[in-house]
Amino acid sequence: MKIATFNINGVKARIDTLSAWLEASKPDVAMLQEIKSVDEGFPRAHFEDMGYTVETHGQKGFNGVAFLSRLPLEDVTRGLPGDDDDPQARWIEATVIGTRAIRLCNLYLPNGNPAPGPKYDYKLAWMERLAVRARALLDAQEPALMAGDYNIIPMDEDAARPEVWREDALARPESRDAFRRILNLGFTEAFRARVQGPGHYSFWDYQAGAWDRNHGIRIDHVLMTPDCADLLVECWIEAEQRGRDKPSDHVPVWVELDA
DNA sequence: ATGTCGAATAGGATTCGA
């Protein structure tokens with residue numbers, strides 16, 4: 001089973017780019033972030049016609065997450081538990097049925113800038129809620145993963161120019177600590193289980209020629225429970241997508257599972 | 001002058017979020 005997480009930066013603006021990618025790269029499951037659409041505005045029929053089951057959790061204007069799957073999805077839930085008053089659509093879960101059942105948590109973690117400030121407080125509070133859900137996934141002792149745009153640069157080696165990001169919400173110590181605490185509960189970060197060293201990025205800003213200069217950062221991650229990590233075959237970043245026509249500012253991050 | 005983009009509001013340029 002091949003699963004990709006992909007922040008698409010607007011499903012309606014990206015429909016041609018996304019369709020071409022699906023045809024060429026053929027994910028069994030695509031976990032999408034920043035659909036920037038309400039559920040009723042999502043081009044559901046278009047992707048169903050391409051052979052995908054569609055599950056969305058959208059809102060007006062910003063945020064929004066969705067699954068496109070060629071395999072059956074069960075037990076879909078929407079919203080990160082822990083704050084019933086949180087209106088932001090940043091979390092959707094489903095169980096995908098392959099040769100094994102895998103629980104998939106699709107997340108768009110708050111950016112948090114400017115930091116410090118209320119947006120940064122929201123980011124850190126959201127990560128506390130994420131840690132609670134993460135512990136429950138581990139307690140279940142089943143194959144599960146949490147994938148998406150974490151808006152976290154885990155280490156300096158994950159940025160082409162770490163000095164630029166030092167005070168940014170994506171790299172501040174509190175952000176990195178919160179991410180590391182979740183990892184240390186017992187998760188495996190799929191990419192670092194397979195590839196070491198600097199120079200691997202999943203996002204390049206639209207501004208200042210970031211792609212041409214390879215001024216990237218690695219902020220899209222896949223965290224796996226032990227039962228899921230045992231199924232990991234490979235993990236890779238499809239960086240070449242950033243050079244295509246009308247690209248997102250993020251690229252897909254893939255895991256292949258023996259499932 | 002962040003060498004930009006997408007969506008919303010409003011009915012074209014501006015604002016927000018990233």
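This is a predicted model, so every value here is computed, not measured. Numbers restart at 1 for each chain; the letters A, B, ... are given by sequence-line order, proteins then strands.
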When rounded to the nearest Å, what value does the distance between C1' atoms of B/dA18 and B/dT2 take?
12 Å

Both A/Gly209 and A/Val38 contact DNA chain B. Which one's nearest nucleotide lies toward the 5' end?
A/Gly209

Can you confirm if the NZ or CZ of A/Arg218 lies within 45° of the ring axis of A/Tyr201 and under 6.0 Å from the centre of its six-membered ring?
no

Rounded distance (Å) that lies between atom P of B/dA7 and atom CG of A/Asn63
13 Å

Side-chain donor-acceptor pairs under 3.5 Å in residues 249-259 of chain A, sequence neighbours left out?
{"residue": "A/His250", "atom": "ND1", "partner": "A/Asp220", "partner atom": "OD1", "Å": "3.2"}
{"residue": "A/His250", "atom": "ND1", "partner": "A/Asp220", "partner atom": "OD2", "Å": "2.9"}
{"residue": "A/His250", "atom": "NE2", "partner": "A/Asn7", "partner atom": "ND2", "Å": "3.4"}
{"residue": "A/His250", "atom": "NE2", "partner": "A/Asp149", "partner atom": "OD2", "Å": "3.4"}
{"residue": "A/Trp254", "atom": "NE1", "partner": "A/Glu238", "partner atom": "OE1", "Å": "2.8"}

To the nearest angstrom, the CZ-P distance between A/Arg242 and B/dT4 comes to 12 Å

Rounded to whole Å, please give me the gap between CD in A/Gln88 and P in B/dC16.
16 Å

Aromatic plane relationship, A/Tyr150 with A/Phe179 - under 30° parallel, 30 to 60° tilted, over 60° perpendicular
perpendicular

Any carboxylate oxygen within less than 4.0 angstrom of a Lys/Arg side-chain nitrogen, looking at A/Asp156 and A/Arg176?
yes

Nearest whole angstrom, please: distance from the P of B/dC16 to the NZ of A/Lys60.
16 Å

Between B/dG17 (P) and A/Gln207 (CD): distance, integer Å:
16 Å

For A/Asp205 and B/dG17, give me the distance from atom CG to atom P, rounded to whole Å.
17 Å

Taking OP1 and OP2 of B/dG6, is either one under 4.0 Å from a side-chain nitrogen or oxygen of A/Lys246?
yes

Please give, in whole Å, the distance from B/dA18 C1' to A/Tyr120 OH?
17 Å

Heavy-atom nearest nucleotide on DNA chain B for A/Tyr206 versus A/Pro110: which residue maps closer to 5'?
A/Tyr206

How many whole angstroms separate atom CG of A/Asp220 from atom C1' of B/dA18?
13 Å

Which is true for A/Phe203 with a 4.0 Å heavy-atom rule: it touches a base, it touches only sugar-phosphate, or it touches nothing?
nothing

Connecting only ILVMFWY residues whose side-chain heavy atoms lie within less than 4.5 Å of each other, what is the rest of A/Leu124's hydrophobic cluster?
A/Tyr120

Side-chain N or O of A/Arg90 closer than 4.0 Å to phosphate OP1/OP2 of B/dG17
no

